[in-house]
Colleague: 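The structure's right below; bear with me while I get my questions together.
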Protein chains: 2
Amino acid sequence: MENDFRSPLEKGLAAFDGKWKTRIICCLSNNGSLRYTALKKELDGITDAVLALTLKELTDYSIISRTQFNEIPVRVEYDLTKKGIEALPILKDICQWTQKYNPKSEQVRCGCGRPDCKFDLKTN
Amino acid sequence: MENDFRSPLEKGLAAFDGKWKTRIICCLSNNGSLRYTALKKELDGITDAVLALTLKELTDYSIISRTQFNEIPVRVEYDLTKKGIEALPILKDICQWTQKYNPKSEQVRCGCGRPDCKFDLKTN
DNA sequence: CTGCATCCCTCGCGATACTG
DNA sequence: CAGTATCGCGAGGGATGCAG
């Protein structure tokens with residue numbers, strides 16, 4: 001692994017970067033442990049290539065954990081780590097900061113991107 | 001302006017997206033009001049095309065304000081708005097969250113990207 | 001079931017030149 | 001001084017097919 005000269009701020013924001021990372025975090029915060037296929041069903045429109053890559057990135061950031069059960073067929077579960085759980089209040093703050101200055105926006109509360117999503121970012 | 005179906009979380013994160021937005025926010029939080037040229041000098045390596053574009057985006061997000069003085073030659077000053085100032089504690093939280101789980105990282109505190117930067121994100 | 005390999009296309013950003 | 005116009009490259013992410 002090569003050196004990373006970004007500031008802590010930029011390193012931190014990288015964990016929420018891209019189209020899918022916050023949606024995955026949101027799904028896990030709403031549902032708890034989720035399997036690969038369940039996650040894929042929640043994240044409407046994501047492809048395998050991108051889902052696998054994004055899960056790997058979040059795992060590398062220690063925001064989610066990957067647990068493999070060597071059954072047949074294989075079962076893999078993804079969870080928020082302690083670091084991931086501690087990110088949730090920050091994401092909530094961003095939501096509130098946005099809504100404070102965007103009062104007209106519909107009160108979509110979840111970051112998963114599904115228009116029919118009923119969930120909120122759970123912080124406890 | 002077309003509709004924006006992103007969640008408040010994704011809308012909020014868009015304000016910190018890309019290579020330069022947080023660096024500009026950081027510079028303005030450290031220095032207060034800055035002119036175009038001063039900003040360009042602080043942001044080591046940015047080009048005019050990208051600086052002008054990014055300033056426009058931040059202005060559209062109401063995170064910075066643009067004030068033009070019709071002197072000769074023209075003088076333009078950029079400041080953080082109330083919304084921009086209220087984003088600073090969130091950015092600080094992200095810094096601290098990152099550093100908590102990255103204790104080995106050097107204590108670079110500013111997001112401006114300059115290796116010699118001595119500043120912190122000012123929140124008051 | 002849980003992925004990875006490959007191709008392709010768009011978009012962010014850098015480089016450079018020019019303007020009121 | 002404070003930008004705009006144009007071009008080009010590389011990375012992110014979608015579509016599809018294959019694999020352990």
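Only a predicted model underlies this, so the values are computations on that prediction, with no experimental measurement involved. Proteins get letters first, then strands, A, B, ... in listed order; numbering begins at 1 in each.
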Colleague: Looking only at atom types and distance, does a side-chain atom of Trp20(B) sit under 3.5 Å from a main-chain N or O of Leu55(B), one as donor and one as acceptor?
Modeller: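 No, Trp20(B) side chain to Leu55(B) backbone: no donor-acceptor pair under 3.5 Å.
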
Colleague: Ile24(A) has an atom CD1; how far is it from atom C1' of dT2(C), in whole Å?
Modeller: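 After rounding, the gap between these two atoms is 14 Å.
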
Colleague: Rounded to whole Å, please give me the gap between CG in Leu39(A) and C1' in dC1(C).
Modeller: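 Going from CG in Leu39(A) over to C1' in dC1(C) covers 14 Å.
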
Colleague: Would you say a side-chain N or O of Tyr78(B) is under 4.0 Å from OP1 or OP2 of dG3(D)?
Modeller: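 Indeed, a polar side-chain atom of Tyr78(B) lies that close.
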
Colleague: Look only at the side chain of Asn102(A) and the backbone of Thr98(A), and say whether a donor-acceptor pair between them is shorter than 3.5 Å.
Modeller: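 No: the side chain of Asn102(A) does not pair with the backbone of Thr98(A).
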
Colleague: Counting distance only, does the side-chain N/O of Ser33(B) pair as donor-acceptor with the main-chain N or O of Glu77(B) below 3.5 Å?
Modeller: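 It does not hold such a pair.
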
Colleague: Do Tyr36(A) and Leu53(A) share a hydrophobic cluster, counting only Ile, Leu, Val, Met, Phe, Trp and Tyr and linking them when any side-chain heavy atoms are less than 4.5 Å apart?
Modeller: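 Per the 4.5 Å side-chain linkage, Tyr36(A) and Leu53(A) are not co-clustered.
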
Colleague: Indicate if Ile46(B) and Val76(B) have the same hydrophobic cluster label, given that clusters are the connected sets of ILVMFWY residues with side-chain heavy-atom separations under 4.5 angstrom.
Modeller: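 Yes; tracing contacts between hydrophobic side chains, which count when under 4.5 Å, links both residues.
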
Colleague: Roughly, in whole Å, what's the span from CG in Leu55(B) to P in dC13(C)?
Modeller: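 Distance check: Leu55(B) CG to dC13(C) P gives 13 Å.
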
Colleague: For dG3(C), does either OP1 or OP2 sit under 4.0 Å from a side-chain N or O belonging to Arg66(A)?
Modeller: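 The answer is yes; a side-chain N or O of Arg66(A) sits under 4.0 Å from OP1 or OP2.
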
Colleague: In whole angstrom, give the distance that lies between atom CD1 of Ile72(B) and atom P of dG20(C).
Modeller: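 After rounding, the gap between these two atoms is 16 Å.
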
Colleague: Is the distance from OP1 or OP2 of dA2(D) to the nearest side-chain N or O of Arg35(B) less than 4.0 Å?
Modeller: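 Answer yes for this pair, as a side-chain N or O of Arg35(B) is under 4.0 Å from OP1 or OP2.
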
Colleague: I need the Lys11(A) NZ to Tyr101(B) OH distance, nearest 0.5 Å.
Modeller: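 The distance works out to 16.0 Å.
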
Colleague: Between protein and nucleotides 15-20 of chain D, map the contacts as a letter string: B base, S sugar-phosphate only, - none, heavy atoms under 4.0 Å, written 5' to 3'.
Modeller: B-----

Colleague: To the nearest Å, give me how far apart NZ (Lys56(A)) and P (dC4(C)) are.
Modeller: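 To the nearest whole Å, that distance equals 7 Å.
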
Colleague: Any side-chain N or O of Lys19(A) below 4.0 angstrom from OP1/OP2 of dG14(D)?
Modeller: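 So the side chain of Lys19(A) is within the cut-off, an N or O lying under 4.0 Å from OP1 or OP2 of dG14(D).
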
Colleague: Atom CZ of Arg23(B) to atom C1' of dC13(C): distance rounded to whole Å?
Modeller: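 Taking CZ of Arg23(B) and C1' of dC13(C), I get 12 Å after rounding.
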
Colleague: Just by modelled atom types, is the Ser65(B) backbone N or O under 3.5 Å from a matching donor or acceptor in the Thr59(B) side chain?
Modeller: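 Pair absent, no side-chain N/O of Thr59(B) close to backbone of Ser65(B).
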
Colleague: Separation of Leu51(B) atom CG from dT16(C) atom C1', in whole Å?
Modeller: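 Going from CG in Leu51(B) over to C1' in dT16(C) covers 16 Å.
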
Colleague: Rounded to whole Å, please give me the gap between CD in Glu57(A) and P in dG3(C).
Modeller: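 Rounding to the nearest Å, CD of Glu57(A) and P of dG3(C) are 14 Å apart.
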
Colleague: Between Ile46(B) and Ala52(A), which is nearer to the 5' end of DNA chain C once each is assigned its nearest nucleotide?
Modeller: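 Whichever sits nearer the 5' end wins; that is Ala52(A).
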
